[in-house]
Amino acid sequence: MHLDRRVLLSGLAGLAAAPALAQPQPAPVSAKSGAAAPLARRLATYADSIRVADLDSLTIERTKVHLLDSLGCGLAAFKEATVSAVRELAFASGGSAATIIGTKRRASLEWAAFANGAGVRADDINDVYVGRGTGHPSDNVAACLTAAEAASSPGAEFLLSIALAYEIECRLLDAVYLDTRGWDHPNYALISSALAAGRLMKVPPERLTEAVNIALSGHLGMNQTRLGALSNWKGLAGPDAARNAVFAAQLARAGITGPSPIFEGEAGFFKQVSGPLEIDTAGFGGRGKRFRIHDCFIKSYPAQAQTQTAIPAAAKIAQAAGDLTRIRAIEVKSTHMGWLMAGSMPERWAPTTSETADHSLPYIVARAMLDGTITTASYAPEALRDPKAAALMKLITVGEDPTMTALVPRQSPNSVTATLSDGRKITERVDDLPGFIDRPMQRADAEAKFERNAKAILNSAQIKRISDAVWSLDRADSVGALIESMVIAT
């Protein structure tokens, strides 16, 4: 099934009005929330005002779970070519401000943030948030970790910085779907990471404002990253936002100023990128208000967010069918976003890169039917060239089911229907998985996923040391023990 690019662009535009993607609704700006102040200043004031005491025990635990998940993603990808290439560039750049995870070697803050973030995002198995837009809040973790190490921040302050960064990015994702305007979601991480890293650096609020101004002015990313045949940059755009955010925070700390007002100005973010936004920082998490990190979900498989539930559905279909040569047609029904981003573009029907394949419903369904699951090995060159997968993909059609779209963001359903040679049809539908909003991963779940991700590169004792370091972070004097626990034996 191929789709004309004009149809694709029309579909993207339609997302802006899709009711299911409008959750949760942004609160209106009011005079009470300080609407007269520029948005950058209001965000900076919020970032500066939040305290460790504002984190309730459930939010501290949720933050630890997302941190452990992010670190597991980063360590599992340690030996992958793109991650290794970025790490070597970081080493070559010099600097000694922060550690590259998995090693004892150090680099500048911005290069450490980039290299560490590259690992977290490499396999597309890190966490997700769905508001009006969809993004990966764990893009912020690398910026927070490097800044916390360089500043010798207590573990509790590091956890607060993560919850803060998630809060700001998710609230911005609630406000507008940038993709419809041709801009990429890591643009929000520029803002959240600059504020979270800057706070760890003890940058005062007036200079935190400048960090936002600088980060946004010179580093906006285009949504072409997510369209067509996907490149390595799909997994590096978020880490690049962290890199630029940390750099902006350092400049602001040194007294460098940026263009202002960066959001409301005549050529600012509102006019050039997002359109007007209504953001009430008085409604953000803390002081008894719920943090958005509780509304993020953690993936079970290394695949695009809206394809997750298609994987067990496809595996069950294959098991029920037995002999796959009996299948004559396969119909996949998904949400609007699942169809649009993973089942409509021509490149999704003939993936030649792992980045395209893990965003392809036809490939993911075919591969899951053949192998019973999806792992990083599912995207190896020989797997992409597998004639059995190609033959199954020719049988597959993908379409939207509006009733599924209506369940977003709390669920992200997919159904797979196979028509057999005798005319029988078998259908499997999966609406959600452990890790979704209504089935959040608990500590044991996070440890199990961490072990699955990291067991090829870490032994059981080291996996436990890392987990223990994460669970005790709120009592730790620094992040030093955590970073030391992640050194990979060579």
Side-chain angles (χ1 to χ4, degrees), residues 5 8-9 11-16 18 21 82 86 110 113-114 117-118 120-124 126-143 165-166 168-195 212 214-248 262-263 268-275 277 296 303-306 336-338 340-342 344-345 347-348 353-356 358-360:
R5 289 196 182 278
L8 173 63
L9 292 172
L12 280 169
L15 278 172
L21 293 179
T82 300
V86 170
E110 57 270 22
F114 187 46
V120 172
R121 281 289 286 125
D123 291 332
D124 219 325
N126 57 319
D127 60 24
V128 177
Y129 180 79
V130 180
R132 281 193 170 132
T134 300
H136 298 280
S138 46
D139 285 342
N140 295 282
V141 168
Y166 273 59
I168 292 170
E169 179 169 352
C170 293
R171 295 288 182 165
L172 292 167
L173 285 164
D174 287 345
V176 68
Y177 182 58
L178 284 184
D179 304 42
T180 60
R181 297 170 175 268
W183 299 100
D184 201 9
H185 63 76
N187 289 318
Y188 289 146
L190 286 168
I191 302 164
S192 52
S193 285
L195 290 167
V212 174
I214 294 167
L216 278 181
S217 180
H219 306 108
L220 293 173
M222 296 183 291
N223 196 49
Q224 187 58 41
T225 298
R226 315 287 158 190
L227 303 178
L230 303 186
S231 68
N232 296 149
W233 198 250
K234 181 200 72 147
L236 293 176
D240 189 54
R243 177 177 74 95
N244 289 318
V246 166
F247 185 56
I262 196 62
F263 288 100
F269 192 83
F270 290 165
K271 289 196 175 181
Q272 302 291 338
V273 178
S274 68
L277 301 183
C296 298
Q304 195 248 12
Q306 285 78 21
H336 185 77
M337 179 71 82
L340 185 69
M341 300 307 293
S344 63
M345 288 171 267
E347 295 84 358
R348 302 302 191 262
T353 67
S354 62
E355 292 87 357
T356 306
D358 69 23
H359 274 50
S360 164

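The residues of the chain are indexed from 1 along the displayed sequence. The structure displayed is predicted, hence computed values, not measured ones.
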Seminar exercise, completed: Applying side chain to side chain donor-acceptor pair (under 3.5 Å) to Thr356 and not counting sequence neighbours gives Thr353
Problem set entry | Set of residues satisfying side-chain contact (heavy atoms from CB on, under 4.5 Å) with respect to Ala303, sequence neighbours excluded | Thr307, Gln308, Ile311, Ile364, Tyr379
Problem set entry | Test log, rule side-chain contact (heavy atoms from CB on, under 4.5 Å), inputs Phe247 and Ile214 | CA-CA 9 Å; Phe247 185 56; Ile214 294 167; over 6 Å; no
For this session: Carefully, step by step, assess Glu355 and Asn232 under the rule side-chain hydrogen bond (donor to acceptor under 3.5 Å, both in side chains).
Result: CA-CA 7 Å; Glu355 292 87 357; Asn232 296 149; 2.7 Å; yes
Exercise. For the side chain of Arg132 and the backbone of Tyr177, is there at least one donor-acceptor N/O pair under 3.5 Å apart?
Worked result: no
Problem set entry | Atom pair NE2 (His359) and NZ (Lys234), whose distance is rounded to the nearest 0.5 Å | 4.5 Å
Problem set entry | side-chain contact (heavy atoms from CB on, under 4.5 Å) partners of Leu172, counting only residues at least two apart | Ile168, Tyr188, Ile191, Ile279
Problem set entry | Closest non-hydrogen atom pair, Cys296 against Pro137 | SG-CG, 3.8 Å
For this session: Check side chain to side chain donor-acceptor pair (under 3.5 Å) between Asp127 and all other residues, then give those that pass, not counting sequence neighbours.
Result: His66, Ser138, Tyr166
For this session: Could you go through the side-chain contact (heavy atoms from CB on, under 4.5 Å) check for Arg121 and Asp124 one step at a time?
Result: CA-CA 5 Å; Arg121 281 289 286 125; Asp124 219 325; 3.4 Å; yes
Exercise. For Ala118, what residues pass the side-chain contact (heavy atoms from CB on, under 4.5 Å) criterion, not counting sequence neighbours?
Worked result: Val86, Leu236
Exercise. What's the verdict on side-chain contact (heavy atoms from CB on, under 4.5 Å) for Val273 and Arg181, showing C-alpha distance, side-chain angles and the deciding distance?
Worked result: CA-CA 7 Å; Val273 178; Arg181 297 170 175 268; 5.9 Å; no
For this session: Identify the heavy atoms of Gly131 and Asp174 that sit nearest to each other, and give their distance.
Result: CA-OD1, 3.6 Å
Exercise. What's the shortest heavy-atom distance between Ala245 and Ala189, and which atoms?
Worked result: CB-O, 4.3 Å
Seminar exercise, completed: Scanning both residues in full, the closest heavy-atom pair of Ala194 with Ala215 reads CB-CB, 4.2 Å
Exercise. Are any of the side-chain heavy atoms of Leu178 and Asn223 separated by less than 4.5 Å?
Worked result: no
For this session: Only counting residues at least two apart or in another chain, list the ones meeting ring pair (Phe, Tyr, Trp, His ring centres under 6.0 Å) with Phe263.
Result: Phe269, Phe270
Exercise. Can you check whether Met341 reaches Gln306 side chain to side chain, under 4.5 Å on heavy atoms?
Worked result: no
Exercise. What residues form a salt bridge (Lys or Arg N to Asp or Glu O under 4.0 Å) with Asp184, not counting sequence neighbours?
Worked result: Arg226
For this session: With sequence neighbours left out, write down each residue that passes salt bridge (Lys or Arg N to Asp or Glu O under 4.0 Å) with Arg348, or none if nothing qualifies.
Result: none
Problem set entry | For His136, all residues meeting ring pair (Phe, Tyr, Trp, His ring centres under 6.0 Å), sequence neighbours excluded | His185
Exercise. Quick one: CH2 on Trp233 to CE on Met222, what's the gap to the nearest 0.5 Å?
Worked result: 11.0 Å
For this session: State whether the side chain of Asn140 and the backbone N or O of Ser193 hold a donor-acceptor pair below 3.5 Å, judged by distance alone.
Result: yes
For this session: Under the side chain to side chain donor-acceptor pair (under 3.5 Å) rule, collect the residues that match up with Asn187, sequence neighbours excluded.
Result: none
For this session: For residues Leu190 and Ala241, report the shortest heavy-atom separation together with the two atoms involved.
Result: CD2-O, 3.6 Å
